[in-house]
**Student:** 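Handing you a structure now.
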Amino acid sequence: MSQQVSAHPNIYYDPYLNPQLFDGVRKKRIFACVIDIIAITVLSAIAYFVVGFLGILTLGLAWLLFPAIWPLVALAYTAFSLGGFNSATPGMRAFGLEMRLSNGGRPYPLYAAIHVLLFYFSVTILSPFVLIVSLFSDQKRLLHDIVLGAVIMNSPVDSLHR
């Protein structure tokens, strides 16, 4: 499973040569984020129930995991969906989006985990600035996308490239 990636930015991701790849991406990302937050909330609720039950069996020891459930579920959800074969979270897939690295490669789980950690830190610290950056970016990228060299785009109609 080899991918041909170059050290130079891929002209395929140029918004002036392929504007259809970036049409409506900002709006789709917002709605995709809402779907992903709902999915993470459902998975976290299940995890809270399981840890609550395990806490009874372990005489309260498992309850020490309660503060870490939401962050761990969100991290695992994003790392394995965004870093998986589809290069998109379920919310992104629902709106026809995918992530690529600026050199054309697909993200891997560790890259996706770093991407989501930068997203959470940047939203926590610089919330308005993170969103304002996308208004000035040709590829409608957010601050953490630019820092990591990620490109979020509409999935190409031709899926034979996979």
Side-chain angles (χ1 to χ4, degrees), residues 1-3 5 13 21-22 24-134 137 139-156 159 161-162:
M1 169 163 89
S2 71
Q3 293 178 333
V5 262
Y13 306 121
L21 291 177
F22 301 99
V25 167
R26 189 180 307 113
K27 181 173 56 173
K28 290 178 183 180
R29 281 185 83 172
I30 291 169
F31 291 121
C33 185
V34 170
I35 288 175
D36 289 333
I37 289 172
I38 291 169
I40 291 169
T41 302
V42 169
L43 292 172
S44 294
I46 294 168
Y48 280 120
F49 178 76
V50 169
V51 169
F53 181 73
L54 288 175
I56 295 170
L57 296 177
T58 62
L59 303 174
L61 189 60
W63 292 338
L64 295 173
L65 295 174
F66 275 135
I69 289 176
W70 176 272
L72 289 177
V73 169
L75 188 64
Y77 175 87
T78 306
F80 293 115
S81 61
L82 191 59
F85 177 73
N86 293 314
S87 302
T89 63
M92 291 170 67
R93 279 184 292 195
F95 287 95
L97 297 174
E98 70 179 40
M99 175 192 270
R100 293 299 176 124
L101 307 179
S102 60
N103 64 4
R106 292 180 178 272
Y108 44 91
L110 180 60
Y111 183 92
I114 292 170
H115 186 267
V116 75
L117 286 173
L118 272 179
F119 169 72
Y120 287 129
F121 289 134
S122 64
V123 166
T124 302
I125 296 170
L126 306 167
S127 186
F129 181 66
V130 172
L131 300 175
I132 290 173
V133 169
S134 74
S137 171
Q139 296 172 331
K140 298 177 176 77
R141 294 163 53 174
L142 297 176
L143 186 61
H144 60 284
D145 298 332
I146 294 169
V147 168
L148 287 176
V151 178
I152 308 292
M153 62 182 189
N154 292 316
S155 295
S159 63
H161 70 282
R162 294 182 184 199

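Residues: numbered from 1 along the sequence shown.
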**Student:** Sequence neighbours left out, what passes side-chain contact (heavy atoms from CB on, under 4.5 Å) with Leu64? Give chain and number order.
**Tutor:** Leu61
**Student:** Go through the structure and list residues passing side-chain contact (heavy atoms from CB on, under 4.5 Å) with Leu75, not counting sequence neighbours.
**Tutor:**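 Testing Leu75 for side-chain contact (heavy atoms from CB on, under 4.5 Å), a comparison that skips the adjacent residues, returns Ala113, Val116, Leu117.
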**Student:** So how far is it from Ser87 OG to Met92 CE, rounded to the nearest 0.5 Å?
**Tutor:** 8.5 Å
**Student:** Within the 4.5 Å heavy-atom criterion, are Met153 and Leu97 side-chain neighbours or not?
**Tutor:**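 Answer no - side chains too far apart.
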**Student:** Can you name the residues that form a side-chain contact (heavy atoms from CB on, under 4.5 Å) with Ala150, not counting sequence neighbours?
**Tutor:**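 With sequence neighbours excluded, Ala150 shows a side-chain contact (heavy atoms from CB on, under 4.5 Å) to Met99, Tyr111, His115, Asp145, given in chain and number order.
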**Student:** Do any N or O atoms from the side chain of Asn103 and from the backbone of Gly105 form a donor-acceptor pair under 3.5 angstrom?
**Tutor:** yes
**Student:** Going from CD on Glu98 to CG on Leu82, what distance comes out if it is rounded to the nearest 0.5 angstrom?
**Tutor:**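 Going from CD on Glu98 over to CG on Leu82, the span is 10.5 Å.
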**Student:** Give a yes or no on this: more than 12 heavy atoms of other residues, nucleotides or ligands lie within 6.0 Å of atom CZ of Phe31.
**Tutor:**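 Incorrect, the count does not exceed 12.
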**Student:** Looking only at heavy atoms, which two atoms of Pro71 and Ala68 are closest? And how far apart?
**Tutor:**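 Scanning both residues completely, I find the closest heavy atoms to be CD-O, 3.4 Å.
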**Student:** So how far is it from Ser44 OG to Ile37 CD1, rounded to the nearest 0.5 Å?
**Tutor:** 11.0 Å
**Student:** Could you please spell out the steps behind the side-chain contact (heavy atoms from CB on, under 4.5 Å) verdict for Ile152 and Arg141?
**Tutor:** CA-CA 7 Å; Ile152 308 292; Arg141 294 163 53 174; over 6 Å; no
**Student:** Cation over ring, Arg29 on Phe95, under 6.0 Å and within 45°?
**Tutor:** no
**Student:** So how far is it from Leu148 CG to Leu143 CG, rounded to the nearest 0.5 Å?
**Tutor:**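 Nearest 0.5 Å value for the CG-CG distance: 9.5 Å.
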**Student:** Is any side-chain heavy atom of Thr78 less than 4.5 Å from a side-chain heavy atom of Phe119?
**Tutor:**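 Contact flag for Thr78/Phe119 side chains = no.
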**Student:** Can you check whether Val133's main-chain N or O pairs, donor with acceptor, with Ser137's side chain at less than 3.5 Å?
**Tutor:** no
**Student:** Return the set of residues passing side-chain hydrogen bond (donor to acceptor under 3.5 Å, both in side chains) with Ser134 (not counting sequence neighbours), or none when no residue passes.
**Tutor:**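 With neighbours one apart ignored, the set is Arg26.
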**Student:** For the pair Lys28 (side chain) and Gly96 (backbone), establish whether a donor and an acceptor sit closer than 3.5 Å, ignoring hydrogens and angles.
**Tutor:** no
**Student:** Would you check if the side chain of Thr58 reaches a backbone N or O of Ala62 as a donor-acceptor pair within less than 3.5 Å?
**Tutor:** yes
**Student:** Pairs under 3.5 angstrom only: tabulate donor-acceptor contacts from the side chains of residues 45-57 to other protein residues two or more places apart or in another chain.
**Tutor:**
none

**Student:** Applying side-chain contact (heavy atoms from CB on, under 4.5 Å), can you list everything that pairs with Asp36, at least two apart in sequence or on another chain?
**Tutor:** Tyr77, Thr89, Pro90
**Student:** With rounding to the nearest 0.5 angstrom, report the CG to CZ distance, Leu126 to Phe121.
**Tutor:**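 So the gap between those two atoms works out to 12.5 Å.
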**Student:** Donor-acceptor check, side chain of Arg106 to backbone of Phe85, threshold 3.5 angstrom: yes or no?
**Tutor:** yes
